[in-house]
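Model, not experiment: these values are computed from the prediction. Basis for what follows: all heavy atoms, side chains included, without hydrogens, waters or symmetry-related copies. Every chain is numbered from 1 and lettered A, B, ... according to where its sequence line falls, protein lines coming before strand lines.
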Protein chains: 4
Amino acid sequence: MAQNKKEMIVRAAIEVFRNKGIEKTKISDIVQVAGVAQGTFYLYFPSKLSLMPAIAEVMVEKTMEILRSAVSEKASFSDQMQQFVEAIFKINEEYHEIQALIYSGLASTEHLKEWEAVYEPIYVWLSEKLDKAKDTGEIRNSIRSAHTAKLIIGLVESAAEQIYLYDSQAENMADTQKKEVKEFLKHALQME
Amino acid sequence: MAQNKKEMIVRAAIEVFRNKGIEKTKISDIVQVAGVAQGTFYLYFPSKLSLMPAIAEVMVEKTMEILRSAVSEKASFSDQMQQFVEAIFKINEEYHEIQALIYSGLASTEHLKEWEAVYEPIYVWLSEKLDKAKDTGEIRNSIRSAHTAKLIIGLVESAAEQIYLYDSQAENMADTQKKEVKEFLKHALQME
Amino acid sequence: MAQNKKEMIVRAAIEVFRNKGIEKTKISDIVQVAGVAQGTFYLYFPSKLSLMPAIAEVMVEKTMEILRSAVSEKASFSDQMQQFVEAIFKINEEYHEIQALIYSGLASTEHLKEWEAVYEPIYVWLSEKLDKAKDTGEIRNSIRSAHTAKLIIGLVESAAEQIYLYDSQAENMADTQKKEVKEFLKHALQME
Amino acid sequence: MAQNKKEMIVRAAIEVFRNKGIEKTKISDIVQVAGVAQGTFYLYFPSKLSLMPAIAEVMVEKTMEILRSAVSEKASFSDQMQQFVEAIFKINEEYHEIQALIYSGLASTEHLKEWEAVYEPIYVWLSEKLDKAKDTGEIRNSIRSAHTAKLIIGLVESAAEQIYLYDSQAENMADTQKKEVKEFLKHALQME
DNA sequence: TATGAATGAGATTTCATTCAT
DNA sequence: CATGAATGAAATCTCATTCAT
């Protein structure tokens with residue numbers, strides 16, 4: 001049961017944060033949605049911000065799930081990148097408020113080390129893809145997978161965020177932006 | 001005098017935000033550092049978040065100053081990009097807490113449109129550089145300057161942030177990361 | 001005005017503590033009686049217990065007032081002691097809840113040094129009386145005033161407290177107890 | 001086993017109260033130290049304050065033990081008083097926090113009658129000593145044992161407390177204070 | 001304009017107590 | 001008897017905002 005309540009709180013927090021933003025969200029909002037008592041919250045989390053790592057973990061899990069199902073193992077690297085960009089944009093469309101809140105939660109948190117660990121799976125996943133592509137000669141050999149993985153993720157996520165954060169005509173822009181990113185990547189990695 | 005106080009408040013806010021983060025900062029902290037009375041704050045800003053555009057403006061000014069002085073007008077595009085990357089990393093090293101806070105302040109604000117306008121100068125600056133480079137044939141012609149400018153800034157800033165937010169061995173990594181970014185850009189833009 | 005509110009809070013606190021005891025008293029009770037806002041309390045005191053030194057100060061002032069008016073300057077030392085005992089018993093009858101709460105507040109406070117300073121005036125007052133009586137030969141010469149003053153105050157106060165704290169038939173016992181204390185003191189100081 | 005747990009709770013309560021004070025002590029602190037479950041507390045005590053009589057009982061038992069072993073049956077009354085003062089100071093040195101907490105617990109409890117009963121053994125013990133001394137002519141005949149016993153205990157305990165509560169140079173002062181109390185008592189009781 | 005004491009709504013936080021196991 | 005997760009009423013405390021000066 002214990003794990004259950006903790007999970008319910010995290011799930012509820014994500015939902016409420018998405019709707020109201022971090023600052024306007026009260027603990028009481030979260031527990032109400034979670035269906036637990038006010039005190040129960042403090043059984044698991046000392047404060048609102050201490051939820052962030054748990055939320056980030058959930059988001060990373062979701063992201064990994066989507067990446068695994070959206071990016072075909074058998075496709076060429078070039079196609080995989082196309083799928084990858086599509087997937088990140090889709091995740092961002094769905095969850096850009098959470099991305100933002102994780103980022104801003106991150107900015108307030110002191111335990112930055114925790115964050116690194118949490119995001120590791122995504123970096124590893126992409127890094128392996130790059131390694132394989134180097135082996136097959138699909139991308140230039142000078143690529144350093146670990147670093148480039150982080151660059152790519154930073155690039156694609158910031159591109160996606162630009163769409164949903166800055167632009168009013170999000171819908172229209174998304175496709176253009178995606179195309180641009182794919183093109184950019186294609187050259188950067190010197191794909192065939 | 002009036003303008004003076006307003007500026008003092010913005011300056012103080014930047015300082016306090018850098019040290020404590022947005023959420024933990026109280027108006028009273030800001031006015032104390034600014035050396036003005038509690039009530040004076042409300043003469044100039046209706047709320048804590050309404051400071052953000054003013055702060056962003058200051059940051060953009062600073063950024064533009066640095067870019068203008070760091071990136072030589074006469075250098076080749078390739079060299080300019082090198083200088084650009086160096087400059088953004090330097091700005092980030094100095095101000096990464098503020099970058100983060102602007103971003104997170106941005107996430108909480110409803111008036112996103114203001115932000116776009118504030119950042120416009122940087123986008124325009126880079127966009128013009130790209131246009132010129134296309135003209136001289138220094139980069140591939142298929143580049144769409146306005147979009148690519150945003151992509152590049154997103155890429156370089158996220159790369160710089162990764163250094164200062166995530167990595168413990170920041171100093172060591174910075175050079176590697178910069179080199180990687182330059183390489184990445186060189187290929188992405190197909191510089192000669 | 002400021003000092004005013006602080007005083008009102010202390011006054012109200014004494015009143016409420018007397019009626020409800022420390023533990024059952026909420027900050028909200030105090031501010032309600034004081035007629036100030038909840039937040040005003042925290043402008044002057046960080047917590048309920050931090051009121052104690054201020055309360056003790058008020059009590060010491062009251063005690064000194066009563067002592068000065070009840071103990072005749074011109075009377076013989078023997079008569080002064082009689083008046084002193086009567087006065088302490090009267091103060092205790094009126095304020096024994098506060099004595100108790102000061103004592104228990106004292107037990108929880110870390111800043112014991114503050115307390116010493118606060119009670120000093122009473123010790124000094126009695127000490128001077130003892131010095132004079134030694135000079136006039138009214139009490140034995142071997143008395144060490146400063147120490148004995150504390151002993152006497154401890155004796156008389158604990159005797160008075162016993163009446164009001166432990167005994168049910170307080171009224172009846174008071175006179176007997178007072179007589180006993182006076183007799184005890186008479187011999188202890190070897191008054192003529 | 002049952003009696004066992006109850007005792008463990010009382011023991012733990014004494015320890016925790018000594019360290020944190022009554023008000024800051026939570027039931028959860030007590031049960032944690034006692035090594036029993038939260039709910040178990042309520043099997044034996046209806047509330048935090050209902051622990052006080054049990055704690056006082058333990059303290060009185062300890063006090064009586066020490067008095068019996070420290071005060072020689074065969075010694076002269078004068079010597080017994082010397083030993084008594086020494087013993088009370090020693091007890092106070094060891095347990096002054098508990099004395100204070102019992103006192104303050106007492107102040108919050110409504111059932112003061114319980115307290116009287118608990119302390120009775122000490123009063124009776126001293127009262128009997130006084131009676132015997134009157135019979136042997138070692139002290140003045142006008143002494144009323146029951147009352148005087150309470151006065152003496154009040155005097156000696158307040159003297160001892162003054163040492164450990166107020167004075168910083170406790171070690172140095174203790175001897176002076178003890179000597180002063182003994183002298184004071186000697187005269188008050190008109191010992192030979 | 002400028003002040004800063006005062007406000008009080010509303011948030012956080014506590015913790016004695018319960019109860020299903 | 002014993003447990004300890006869960007509760008939620010009730011407390012503490014915060015702080016953006018006001019307003020008389």
S.K.: Scan C/V36 against the nucleic acid and name what it touches under 4.0 Å (heavy atoms): base, sugar-phosphate only, or nothing.
M.R.: sugar-phosphate

S.K.: If a stem is a run of at least 3 consecutive Watson-Crick or G-U pairs, both distances under 3.5 Å, which stems include DNA chain E?
M.R.: E:2-21 with F:2-21

S.K.: Just how far, in rounded Å, is P of E/dA16 from CG of D/L49?
M.R.: 10 Å

S.K.: Using atom NZ of D/K24 as one end and atom C1' of E/dT13 as the other, report the distance to the nearest whole Å.
M.R.: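 Atom-to-atom, D/K24 to E/dT13, this comes out as 17 Å.
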
S.K.: I'd like to check the side-chain contact (heavy atoms from CB on, under 4.5 Å) partners of A/R11; sequence neighbours left out, ordered by chain and number.
M.R.: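 Once residues adjacent in sequence are excluded, the partners of A/R11 under the side-chain contact (heavy atoms from CB on, under 4.5 Å) criterion are A/E7.
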
S.K.: Whole angstrom is fine here: how far is it from CD1 in A/I30 over to P in E/dT13?
M.R.: 12 Å

S.K.: Taking side-chain contact (heavy atoms from CB on, under 4.5 Å) as the test, write out the residues that go with A/V10, two or more places apart.
M.R.: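 So A/V10 forms a side-chain contact (heavy atoms from CB on, under 4.5 Å) with A/I14, A/F45, A/L51, A/A54, A/I55, A/V58.
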
S.K.: Dump every N/O contact between nucleotides 17-21 of chain E and the protein below 3.5 Å, one line per pair.
M.R.:
unit_1: E/dT17; atom_1: OP2; unit_2: D/Y42; atom_2: OH; d: 3.3
unit_1: E/dT17; atom_1: OP2; unit_2: D/P46; atom_2: O; d: 3.4
unit_1: E/dT17; atom_1: O4; unit_2: D/Q38; atom_2: NE2; d: 3.4

S.K.: Within this structure, what is the CZ-to-C1' distance between A/F45 and E/dT12, rounded to whole angstrom?
M.R.: 16 Å

S.K.: Over how many whole Å does the gap from A/M8 atom CE to F/dA5 atom C1' extend?
M.R.: 14 Å

S.K.: Considering just the side-chain nitrogens and oxygens of B/K5, establish if one lies under 4.0 Å of OP1 or OP2 belonging to E/dT3.
M.R.: yes

S.K.: Starting at atom CD of A/Q32, determine the distance to atom C1' of E/dA11, rounded to an integer number of angstrom.
M.R.: 15 Å

S.K.: Would a 4.5 Å heavy-atom cut-off, applied to side chains only, mark C/N92 and C/E161 as touching?
M.R.: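 Counting from C-beta outward, C/N92 and C/E161 do come under 4.5 Å.
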
S.K.: In whole Å, I'd like the distance from the CD atom of B/E23 to the P atom of F/dA16.
M.R.: 12 Å

S.K.: Nearest to the side chain of B/T40, heavy atoms from C-beta on, is which of E/dT7, F/dA5, E/dA2?
M.R.: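 Selected nucleotide (nearest to the side chain): E/dA2.
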
S.K.: Of the listed nucleotides (F/dA5, E/dT12, E/dG8), which one gets closest to any side-chain atom of C/A37?
M.R.: E/dG8

S.K.: On DNA chain E, compare the nucleotides closest to D/S28 and A/S28; which residue's is nearer the 5' end?
M.R.: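 Upstream on the strand: A/S28.
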
S.K.: Pick the P atom in E/dT1 and in F/dT21, then give their distance to the nearest Å.
M.R.: 22 Å

S.K.: Could you list the residues that satisfy salt bridge (charged side-chain N to carboxylate O under 4.0 Å, His left out) with C/K20, not counting sequence neighbours?
M.R.: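 Salt bridge (charged side-chain N to carboxylate O under 4.0 Å, His left out) check on C/K20 returns C/D29.
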
S.K.: Could you list the residues that satisfy side-chain contact (heavy atoms from CB on, under 4.5 Å) with B/V33, not counting sequence neighbours?
M.R.: B/A12, B/E15, B/V16

S.K.: Once ring-ring contact (aromatic ring centres under 6.0 Å, His included) is applied, what residue pairs with a partner in residues 6-26 of chain C remain, sequence neighbours excluded?
M.R.: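 Applying ring-ring contact (aromatic ring centres under 6.0 Å, His included) to every pair that reaches into residues 6-26 of chain C, excluding sequence neighbours, yields nothing.
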
S.K.: Partners of C/V31 by side-chain contact (heavy atoms from CB on, under 4.5 Å), sequence neighbours excluded?
M.R.: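 C/I27, C/V36, C/Q38, C/F41.
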
S.K.: D/I22 has an atom CD1; how far is it from atom C1' of E/dA16, in whole Å?
M.R.: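 Spelled out: CD1 on D/I22 to C1' on E/dA16 is 16 Å.
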
S.K.: Mind listing the closest non-hydrogen atom pair of B/S47 and B/S50 along with its distance?
M.R.: O-OG, 2.6 Å

S.K.: Which pairs with one or both residues in residues 35-56 of chain B pass salt bridge (Lys or Arg N to Asp or Glu O under 4.0 Å), sequence neighbours excluded?
M.R.: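 Checked against salt bridge (Lys or Arg N to Asp or Glu O under 4.0 Å) - neighbours excluded - no pair reaches residues 35-56 of chain B.
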
